[in-house]
Amino acid sequence: MGTEDTEEAQVKTKKRLTDDEASNAKGDTPKKSSEIKTLMLSSSEIKTLMLSSSEIKTLVLSSMKEDPDDQDFTSERTGVKRKRSKEEASSSSTRKKKKSKNREQGEEPSAAALKDKKSGQERVKEVKREVKKEEEGEPKKMKKSKEQVEEARRLKIKMKEEEEQNRWRWWEEAKYEDGVKWKFLEHKGPYFPPEFESLPANVHFYYNGQVVKLSAAAEEVALFFAQMLDHEYTTKDVFRENFFNDWRKEMTSDERQLIQDLNKCDFGELHAMHKAKVEIRKNMSKEEKLVIKQTNQKMVEEYGFCLLDHHRERIGNFKIEPPGLFRGRGEHPKQGMLKKRIQPEDVIINCSRESKIPEPPAGHRWKEVRHDNTVTWLASWTENIQGSIKYIMLNANSKLKGEKDWEKYEVARKLKACVEGIRRQYTQDLKSKQMGTRQRAVALYFIDKLALRAGNEKEEGETADTVGCCSLRVEHITVHQHLDGSDFVVEFDFLGKDSIRYYNKVPVEKKVFKNVILFMENKNPGDELFDRLNTTLLNKHLSSLMPGLTAKVFRTYNASITLQQQLRRLSNKSDNPAEKLLSYNRANRAVAILCNHQRAPPKTFDQSMANLQAKIVARKEQLALAKTELKQAKKENKAKGDPKLQTLVERKKKAVERCEEQLLKMEVQATDREENKQIALGTSKLNYLDPRISLNYLDPRISVAWCKNMDVPLDKIYNKSQRDKFAWAIDMTEEDFEF
DNA sequence: GACAATACTTAGTATATGACGG
DNA sequence: CCGTCATATACTAAGTATTGTC
């Protein structure tokens, strides 16, 4: 029901409230559109690993799972591991096992081996550099370069294999008992941002024209504001007021006495200093930048990983959020408030009882150290703006995140099996005598058909005024008996998550239409449309229809099923690679429209579009030239038959091919972007469709299977981190996979 | 049963990175 | 080799959903 409609891709207008009113143009759906992701992978794959001794140790440790006596693991932990290994052996028997064999042979990445690996990676880099030089160089050097290309390729493949071997294939292991997220967890604790350093003596703050030397606390907050001066944030009344209030709280009483009016504050020198610093950073020499890079890498090595059940896992956000001025989205009532510096005394650490407990920074202690293995976070603190809890958690490529993701798609697939029944039921419920049931039915209809979010209640005045399905108000809906040739049209206009506007005119079933009118009767614009319904009630009902079913599952289900259908409809095995990618991107776009995913347009959109067109023209010329050169070379070759000329012909041929390929690619890219813009501009002046975000809703196995079917290399579709994140799907998916 | 607390996913924006053309 | 630009990653706000508490 929902999906067919999405295929028609009704034009939807979306944008921020603050933007100009859209023209509500109901244009035709552009016939072509998509976005080519040019993926540059090679260099990221060849990341130079700075192996600290700690990493080597952890790697060695994790590789020694077959040799527990040698380690400081408790017998309990090793016992668990042994048991799981056995289970793994039996449970994975139905799956592909070829790759796991190396893992079981207990290959030990000794320090020496690791060093070797590192040098291998460096070699690849060197070879690549040289290859680059060669390509531009003399033809006679080609031979050598070919060898080196070959070597580089081999090394790359070897590294890939190595990485594959080191990967934790958790999806082949048995799951833990309910609620248990890990058996062993060790980490270094979060990384704290550097302390504030007072301003240099030659940088002044002025109040009412007079130099004022601020206390350190006040100075730090003043600098937060000064740094943002270029942003329009700082011109908003709410922002300024919130900032000024919180700033004054940080002042000494003398300062507070003096500084009473933000308009009399002159942050000019602080602002200039900040800009100068940014400039200096930008103009740093290569060497200086390298030093910074290496320092960062060391930091990642030390704080960016944890040890979870014998496996070294990347942490997603190991840094404590630095202090600053809160920037909410949309018309946030708390924008500009001071986000305070977090101290170790605010932080709760979570890890194994028997692990090495992280050391708090010198002179500090943790708020608490707990050992709760039913949660996935490593550290947490309470943030002062909303009073919500922030967590340090693992990277998306970790077991904990991956398993949850997988589970999510499995629930959505289960919904596929029973969605027809559920639709029949809510269609029935539209006629219910119970008001609550009817409201539930209409809400469900919207959630299913339009992929609306559930719409939890929010505390008024705490956040921007945004809504989802259950929290829609009368003012967000307009009903039209007839509109643009359709009957029973409901017009939605509200701000959703992140204050992104949702604007849509949808023809609905008559019963739905009548109900909406009924729900709106005798209500004020500010009243709730579904006054007898909330997300808890809705989800209670849903979970009674199918275990694990909640409102958001519909978004996952409808997005994934749409992608699958669109891919089947749009792509052909006989298409050329660029066309295949275009189809893939178009299918993704259909999902982005469904999910109302947008972003601010790049400031330089028009410029870059023009650039691309110019490039295409240039490439066309180049192609023409290459063709004539090829002809010329062929002619000469025929006449003389020189072997040298023969190779020249070959080269020219290659050049022509390369040109054609690139031209095709660029043209597809141009089409894609142009169409993206068309969709966006047909609906809103300021926002663009963002097909990338839909990733959260799309079962990666659909894409993996599609790649296999279409003979498209996976790295055309997923970049490195996406491939890491979806390793489970890439490993287990065959070409006959069906969502 | 309301409501607050908790945990975890989703999402847009800012910034870093690195490929590519000049 | 260097600047420009697109892409990748970092960051963190803003959602969803469940659980605990009174």
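Order of the sequence lines sets the chain letters (A, B, ...), proteins ahead of strands, with each chain counted from 1.
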NZ/A:K275: more than 12 non-hydrogen atoms of other groups inside 6.0 Å: no
A:K414 NZ: over 12 foreign heavy atoms closer than 6.0 Å: yes
How close or far is atom [atom2] of [N] from atom [atom1] of [X], stated in whole angstroms?
X: A:F554; N: C:dA17; atom1: CZ; atom2: P; result: 11 Å
X: A:N719; N: B:dT17; atom1: CG; atom2: C1'; result: 13 Å
X: A:H332; N: C:dT12; atom1: NE2; atom2: C1'; result: 12 Å
X: A:I292; N: B:dA16; atom1: CD1; atom2: P; result: 10 Å
X: A:F494; N: C:dG15; atom1: CZ; atom2: P; result: 11 Å
X: A:D715; N: B:dA19; atom1: CG; atom2: P; result: 14 Å
X: A:K334; N: C:dA13; atom1: NZ; atom2: P; result: 12 Å
X: A:L537; N: B:dC3; atom1: CG; atom2: C1'; result: 15 Å

Residue pair A:S285 / A:E288, side-chain donor-acceptor N/O under 3.5 Å: yes
Donor-acceptor pair between A:K401 and A:T376 side chains, under 3.5 angstrom: no
Aromatic centroids of A:H332 and A:F239 separated by under 6.0 Å: no
Check: A:Y503 ring centre within less than 6.0 Å of A:F494 ring centre: no
Answer with base, sugar-phosphate or nothing: what part of the nucleic acid does [X] contact at a heavy-atom distance below 4.0 Å?
X: A:G496; result: sugar-phosphate
X: A:K339; result: sugar-phosphate
X: A:A464; result: nothing
X: A:N539; result: sugar-phosphate

Using nucleotides 19-21 of chain C, report all nitrogen or oxygen pairs with the protein that are shorter than 3.5 Å.
none

Among B:dT17, C:dA17, C:dT9, the nucleotide that comes nearest once only the side chain of A:A454 is considered: C:dA17
Give a yes/no answer on whether the side chain of [X] brings an N or O atom under 4.0 Å of OP1 or OP2 in [N].
X: A:T550; N: C:dA17; value: yes
X: A:T466; N: C:dG15; value: yes
X: A:K293; N: B:dG18; value: yes

A:R370/A:D372 under salt bridge (Lys or Arg N to Asp or Glu O under 4.0 Å): CA gap, chis, key distance, verdict: CA-CA 6 Å; A:R370 65 172 75 159; A:D372 182 354; 5.2 Å; no
Residue met sooner reading DNA chain C from 5', once A:N395 and A:R327 are mapped to nucleotides: A:N395
All side chain to side chain contact (heavy atoms under 4.5 Å, CB included) counterparts of A:C470, not counting sequence neighbours: A:L533, A:T535, A:L538
Where protein sits on nucleotides 4-11 of chain B, one letter per nucleotide: B base, S sugar-phosphate only, - none, heavy atoms under 4.0 Å: --SBBSBS
Row check, A:W406 ring normal vs A:K399 NZ/CZ: under 6.0 Å, within 45°: no
A:R723 charged N/C atom sitting above A:Y718 aromatic ring, 6.0 Å / 45°: no
